[in-house]
*Asks:* 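Just dropping this structure here.
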Amino acid sequence: MTRTLLLDRTDGVVTLTLNRPESMNSFTVDLKEALRDTLAQLESDRSVRAIVLAGAGAAFSGGQDLKEHAALLEAGSTDLNTVQVHYNPIAQRLANMPKPVVAAVRGMAAGAGASLALLADFRIGGPSTTFLMAFANVGLAGDSGVSWSLPRIVGHAKAVELLLLAQPVRAEEAARIGMLTQLKDDDEQVLPAAQELAARLAAGPTVAYGAIKRELSIGDAGTLSDALAAEAQAQAICGATEDHREAVSAFLKKQKPVYNGR
């Protein structure tokens with residue numbers, strides 16, 4: 001594991017920490033490749049039942065490392081192939097992860113940093129949390145899935161405002177419009193709260209959680225027929241799991257079910 005991305009395993013929860021605090025955890029090629037490849041590994045690791053995404057230090061992520069980007073522009077490169085090579089695969093992995101993802105959004109989440117945080121299933125922040133759709137400020141369009149996630153969270157009109165005006169969204173406003181799932185009173189509570197939530201989810205029926213996520217991704221964009229077909233497929237999968245049988249048996253015995261993610 002590269003030093004720019006830290007990985008911690010606690011039971012079924014993996015915490016991934018973007019580890020470039022001296023530059024607000026901005027994304028270099030090294031960090032993007034590490035995050036992309038690690039998410040791919042975690043996706044198929046059945047021992048991992050929930051993921052926390054966090055940033056080291058005072059920020060979540062400032063987005064693309066503009067110093068590295070400027071050097072590429074100076075060298076004559078204007079093809080932003082990092083979107084196809086790095087950001088798109090990372091966004092796909094986060095959005096389609098078949099297990100819960102919790103973002104611990106402490107401090108600034110700007111540009112691609114904000115986009116990736118918005119792809120988590122839950123986002124927990126504190127007083128310093130700030131989202132900034134910074135793309136237009138540097139003459140770029142949005143990326144990393146923001147054109148998909150942001151309007152689903154805040155609505156189309158608000159997404160237009162946030163992306164075109166590129167003004168910061170402070171913690172209380174972010175919580176009010178749904179960009180944050182939880183707002184803690186103290187920044188020091190953000191990561192522990194995210195890990196506590198991830199641990200709770202990891203102890204749950206994670207196969208069902210993954211199926212629910214797939215249902216919602218289809219139901220959001222598809223027709224009723226698409227949603228019904230997805231639900232039928234999901235229930236066929238979940239109904240055959242050990243977790244479902246355990247839950248039914250525990251219900252009848254008036255006991256608390258113990259899930260194993262199978």
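Side chains included, hydrogens not; waters and symmetry mates left out as well; all remaining heavy atoms used.
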*Asks:* Under the side-chain hydrogen bond (donor to acceptor under 3.5 Å, both in side chains) test, which residues partner Asn137, sequence neighbours left out?
*Replies:*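 Partners of Asn137 by the side-chain hydrogen bond (donor to acceptor under 3.5 Å, both in side chains) criterion come out as none, since no residue qualifies.
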*Asks:* Could you go through residues 231-241 and list every donor-acceptor pair under 3.5 Å that involves a side-chain atom there, pairing it with any protein atom two or more places apart or in another chain?
*Replies:*
unit_1	atom_1	unit_2	atom_2	d
Thr241	OG1	Cys238	O	2.6
Thr241	OG1	His244	N	3.1

*Asks:* Enumerate donor-acceptor pairs with a distance under 3.5 Å from any side-chain N or O in residues 190-197 to protein atoms, sequence neighbours excluded.
*Replies:*
unit_1	atom_1	unit_2	atom_2	d
Gln195	NE2	Thr15	OG1	3.1

*Asks:* Go through the structure and list residues passing side-chain contact (heavy atoms from CB on, under 4.5 Å) with Ala114, not counting sequence neighbours.
*Replies:*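 For Ala114 the side-chain contact (heavy atoms from CB on, under 4.5 Å) partners, ignoring immediate neighbours, are Ala109, Phe131, Met133.
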*Asks:* Look up atom CD1 in Ile90 and atom CG in Leu31, then write down how far apart they are to the nearest 0.5 Å.
*Replies:*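 Between Ile90 CD1 and Leu31 CG, I get 7.5 Å after rounding to 0.5 Å.
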*Asks:* Got a second to check how far His86's NE2 is from Asp37's CG, nearest 0.5 Å?
*Replies:*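 With rounding to 0.5 Å, NE2 (His86) is 8.5 Å from CG (Asp37).
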*Asks:* Should the pair Glu242-Arg245 be classified as a salt bridge under the 4.0 Å nitrogen-to-oxygen rule?
*Replies:*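 No salt bridge links Glu242 with Arg245.
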*Asks:* Could you tell me which residues satisfy side-chain contact (heavy atoms from CB on, under 4.5 Å) with Leu165, sequence neighbours excluded, listed by chain and number?
*Replies:*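 By the side-chain contact (heavy atoms from CB on, under 4.5 Å) rule, Leu165 matches Glu161, Gln167.
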*Asks:* What pairs meet the salt bridge (Lys or Arg N to Asp or Glu O under 4.0 Å) rule with one or both residues in residues 7-19, with sequence neighbours excluded?
*Replies:*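 Residue pairs with at least one partner in residues 7-19: Arg9-Asp45.
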*Asks:* Tell me the side chain to side chain donor-acceptor pair (under 3.5 Å) pairs involving residues 112-127, sequence neighbours left out?
*Replies:*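 Only Asp121-Lys213 qualify under side chain to side chain donor-acceptor pair (under 3.5 Å).
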*Asks:* Could you please spell out the steps behind the side chain to side chain donor-acceptor pair (under 3.5 Å) verdict for Asp65 and Ser26?
*Replies:* CA-CA 5 Å; Asp65 186 302; Ser26 59; 3.2 Å; yes
*Asks:* Scan residues 89-108 for pairs that pass side chain to side chain donor-acceptor pair (under 3.5 Å), counting only residues two or more places apart or in two chains.
*Replies:*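 Output for this query lists Glu43-Arg93, Gln92-Asn96, Arg106-Glu188.
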*Asks:* Heavy-atom distance under 4.5 Å between the side chains of Thr181 and Val102, does that happen here?
*Replies:*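 Heavy-atom side-chain distance check fails, nothing below 4.5 Å.
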*Asks:* Which pairs pass salt bridge (Lys or Arg N to Asp or Glu O under 4.0 Å) with one or both residues in residues 250-262, sequence neighbours excluded?
*Replies:*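 Checked against salt bridge (Lys or Arg N to Asp or Glu O under 4.0 Å) - neighbours excluded - no pair reaches residues 250-262.
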*Asks:* With sequence neighbours left out, what residues match Tyr209 under side-chain hydrogen bond (donor to acceptor under 3.5 Å, both in side chains)?
*Replies:*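 For Tyr209, no residue satisfies side-chain hydrogen bond (donor to acceptor under 3.5 Å, both in side chains) once neighbours in sequence are set aside.
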*Asks:* Pairs under 3.5 angstrom only: tabulate donor-acceptor contacts from the side chains of residues 138-154 to other protein residues two or more places apart or in another chain.
*Replies:*
unit_1	atom_1	unit_2	atom_2	d
Ser149	OG	Gly145	O	3.3
Arg152	NH1	Trp148	O	2.8

*Asks:* Holding to side-chain hydrogen bond (donor to acceptor under 3.5 Å, both in side chains), I want the full list of residues that pass it with Asp226, two or more places apart in sequence or in another chain.
*Replies:*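 Result, side-chain hydrogen bond (donor to acceptor under 3.5 Å, both in side chains) vs Asp226: Thr223.
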